[in-house]
Student: 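Sharing a structure here in structure tokens format.
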Amino acid sequence: MFKIRILKLSRILLLLVSTSLSLQAQHALLETQTWIHGSDNCSTQNDSLVQVVRYDVNTWILRQNKCIHYEAPFMYLFVGAERALLVDTGATQDETKFPLYTTVRKILGQSSGKSSSDLPLVVIHSHGHLDHWAGDTQFRGRTHVTVIGLTADEVQKATGIASWPEEEGKIDLGSRTLDIIPIPGHQKASIALYDHSTHLLLTGDTFYPGHLYVDDWEAFKKSISRLTEFAHKNTISYILGNHIEMSTTPGVDYPTGSTSHPHEQMLPLSVVDLETLHSALETIGDKPVRKVFDKYIVVPK
Ligand SMILES: [Zn+2]
Ligand SMILES: [Zn+2]
């Protein structure tokens with residue numbers, strides 16, 4: 001009897017371990033993911049110009065090498081049954097220094113089983129600052145590529161947002177849909193994107209482990225409030241922004257413009273982190289103030 005119980009217990013344990021391993025294997029664990037974070041001497045470093053991390057079977061996270069441009073923005077690639085969506089094109093135009101188009105086409109060729117240039121690609125931007133669209137020139141005029149414009153008006157039309165910024169839009173990739181949530185404040189055309197397949201919430205430069213520069217304080221407050229409400233209504237796996245500017249030491253950032261970020265904070269933020277910002281903004285009220293948090297710093301312009 002005792003022996004049978006031990007056997008049953010070990011079988012249950014084995015099942016639990018294998019289930020948790022297979023769950024973990026479904027997507028990359030971003031808490032432990034390391035990123036190319038530049039170098040004190042960029043002339044001697046040999047890291048990839050574009051770091052590619054496969055998040056799951058049809059989702060990729062890309063980061064521009066910090067030695068090419070200190071902003072080192074992140075970009076996201078979602079592949080659906082009928083088309084793919086690239087969010088942002090990085091901080092550098094020159095394809096020889098920053099080969100984003102060829103990198104994306106290579107990924108699409110491997111993942112879709114089609115010829116790399118056959119899968120239609122839509123390019124959208126987290127917002128209209130240059131470090132997120134400088135690479136657009138590599139994509140414009142290419143076969144099967146649509147680049148959505150940079151203004152709020154163009155984003156609204158392309159994604160079917162009935163009323164900006166109160167309502168949401170959608171992008172259908174074929175058996176995969178992303179919600180587009182207007183979040184002006186950092187910049188007029190800022191959006192968040194929510195992927196129903198991975199439950200990733202992308203928040204651009206509005207909410208990330210770094211300097212949250214606020215151009216329009218009132219709009220920013222309202223956007224963070226709507227974003228928090230959205231996060232409460234939906235399952236969220238990770239909240240992902242477009243830069244890392246904070247170190248692993250709480251409240252300590254890197255100097256702007258540095259090409260070396262040793263000991264960077266991890267990329268993902270959580271819904272609790274978002275709630276913290278939301279309630280702090282409510283307490284601060286209408287007068288913009290700079291405020292340092294453990295994982296990000298609010299900086300009114
Ligand atoms: Zn920005
Ligand atoms: Zn940026």
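Computed over heavy atoms, backbone and side chain alike; hydrogens, waters and symmetry mates excluded. Whatever order the structure lists them in is the order used to number ligands and atoms, beginning at 1.
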Student: Flag the pair D286 and K221 as a salt bridge only when some basic side-chain nitrogen lies within less than 4.0 angstrom of an acidic carboxylate oxygen.
Tutor: yes

Student: With a cut-off of 2.8 Å, how many protein N, O or S atoms neighbour the Zn ion (ligand 2)?
Tutor: 4

Student: Taking the six-membered ring of F78 as reference, does the cationic atom of R176 (NZ for Lys, CZ for Arg) lie under 6.0 Å from its centre and within 45° of its axis?
Tutor: no

Student: Suppose we screen for salt bridge (charged side-chain N to carboxylate O under 4.0 Å, His left out). Which residues come up paired with R54, at least two apart in sequence or across chains?
Tutor: none

Student: Give the name of the N/O/S atom in H186 that lies closest to the Zn ion (ligand 1).
Tutor: NE2

Student: Mind telling me whether H27 and Y55 have parallel, tilted or perpendicular rings, with 30° and 60° as the class edges?
Tutor: parallel

Student: Consider only side-chain N and O atoms of E264 and Y254, and report whether a donor and an acceptor are under 3.5 Å apart.
Tutor: no

Student: Tell me, please, whether F220 has K222 positioned over its six-membered ring: NZ or CZ under 6.0 Å from the ring centre and within 45 degrees of its axis?
Tutor: no

